[in-house]
Protein chains: 2
Amino acid sequence: MGRYRVGLETRERILSATRRLLAEVGIEGVTLKAITANARVGAGSFYNLFASKDDAVFEVVREAIEAVDPDPAGAGTDSLEDLVDAFVAFMTGSSPIARIYLQLAGRGLTDPVIAARVLRSHRRRVERFADAWQREVPELEPAEAAARAEVMLGALTGLGMTALMDPGFDMRRHALALLPDAARLRATG
Amino acid sequence: MGRYRVGLETRERILSATRRLLAEVGIEGVTLKAITANARVGAGSFYNLFASKDDAVFEVVREAIEAVDPDPAGAGTDSLEDLVDAFVAFMTGSSPIARIYLQLAGRGLTDPVIAARVLRSHRRRVERFADAWQREVPELEPAEAAARAEVMLGALTGLGMTALMDPGFDMRRHALALLPDAARLRATG
DNA sequence: TACATATTGGAGCGAGCGCTCAAGTTCTGC
DNA sequence: GCAGAACTTGAGCGCTCGCTCCAATATGTA
């Protein structure tokens, strides 16, 4: 499976086509026919290199998440409004990863394996937000900071869904309302 | 569509079969064949009563949501905490339809037809929440009440997703944090 | 060069999908 | 009890799906 030069190149073309299609039509819209047509490859070539369609899809999603994940060093210097802005940009920006992420989360509602993966990345993000809350409002109990982070992320996720369905939706405006007064003033100032 | 007694009964049998199947096998598992076999009805009868398969699915979801409505008549008597409690009950209660609702919303991220339907019901709900905000805090500008309703519903949706993936998640606790102080005190007694 | 192995395209398989349609049956109001 | 609307059936249409198969060809190795 991909031992000769041409084979590896074909593999890359297939992954690239899958990536492009995931971005354009989402997880359910990705068909084998679309992938092979887009990669200009026969179905036989595809199955010479991948065990199944899902095999290719998971590989692309894995790579995409990895590319976005980094948490650069986790230095802990990001403010609450930084995090909110980053999340809004993630949802409303040009990158299609957000849509895929939410569709994956939707699958997680019935697929325990996917649910575990989604929850893990969710928890990591809640921690980041909780830390930022603590820095913003130092007198907060840690549990209270965590609770506020949870609510904030929930709201951002929900607002993101609306934003992705309704292009006219001003996600940033609503998202900023989630900030404590001081941070909101800084952000809108 | 469903004007004679038998027709209405058939309609109920179909909805009941759809409800049962949605609960048992999830949204992907519900096929027309399964519905009609389960309801002991020909495909033609189905299409005499429903415009499409999705039509029946939406109806089931709509009814499930309505079932937890604290003010089905729209009398304008529901408080903010009533609405939040109803949403939490819908998400965390015994009915498996909440899962279906969120999966439908997920499909709306790439399917414009579904997106339109989801957004329509979303807007209706935002209005209900906005009215309740207005009643709770009369000095609020209408636009501000609408904005708070939007954020609140976004948060409830996002928290619902977490709750459905993580059985240990205390959705109600986090949801109540979204209420204004007076209402929160009333709700937590 | 000779040969094994990897890679290729694409016709086509079998299954399953949502949905249509023509024909016959049942119900209701008058 | 009759007209006509509402209801019913289920074979089957047209389509798409993931995937298989295999002869032809390209590639790397000795």
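Lettering of chains follows the sequences in order, A, B, ..., and the numbering in each one begins at 1. Below, all heavy atoms of this structure are taken into account, side chains as well, without hydrogens, waters or symmetry copies.
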Does [N] have its OP1 or OP2 closer than 4.0 Å to a side-chain nitrogen or oxygen of [X]?
X	N	result
B:Y47	C:dC19	yes
A:T10	C:dT8	yes
B:S45	D:dC7	no
B:Y4	D:dC7	no

Expressed as a whole number of angstroms, how long is the span from [X]:[atom1] to [N]:[atom2]?
X	N	atom1	atom2	value
B:I27	C:dG18	CD1	P	12 Å
B:E9	D:dT8	CD	P	9 Å
B:E28	C:dC17	CD	P	13 Å
B:R13	D:dT9	CZ	C1'	13 Å
B:N48	C:dT25	CG	C1'	13 Å
A:R5	D:dT25	CZ	P	20 Å
A:F46	D:dG18	CZ	P	9 Å
A:L21	D:dG18	CG	P	12 Å

* Can you label the angle between the A:F169 ring and the A:H174 ring as parallel, tilted or perpendicular, going by 30° and 60°? => parallel
Out of [options], which has the shortest distance to the side chain of [X]?
X	options	answer
B:K53	C:dG18, D:dC19, D:dA11	C:dG18
A:A43	C:dT28, D:dC17, D:dT20	D:dT20
B:L32	D:dG28, D:dT8, C:dC19	C:dC19
B:V41	D:dG18, C:dT20, D:dT9	D:dT9

* Show your working on salt bridge (charged side-chain N to carboxylate O under 4.0 Å, His left out) between B:R5 and B:E9 and close with a plain yes or no. => CA-CA 6 Å; B:R5 208 197 69 249; B:E9 281 172 6; 3.3 Å; yes
* Asked: If each of B:S52 and B:V6 is mapped to the nucleotide of DNA chain C with the nearest heavy atom, which maps nearer the 5' terminus, i.e. the 5' end?
  -> B:S52
* Go through the side-chain N and O atoms of A:S45 and A:N48 and say whether any donor and acceptor fall under 3.5 Å apart. => no
* Judged by atom type as modelled, is there a donor-acceptor pair below 3.5 Å linking the side chain of A:Q134 to the main-chain atoms of A:L140? -> yes
* Between B:D69 and B:E66, is there a donor-acceptor pair closer than 3.5 Å when you use the side chain of the first and the backbone of the second? -> no
* Structure fact -> On DNA chain D, more 5' by nearest nucleotide between A:D54 and B:G44 is B:G44
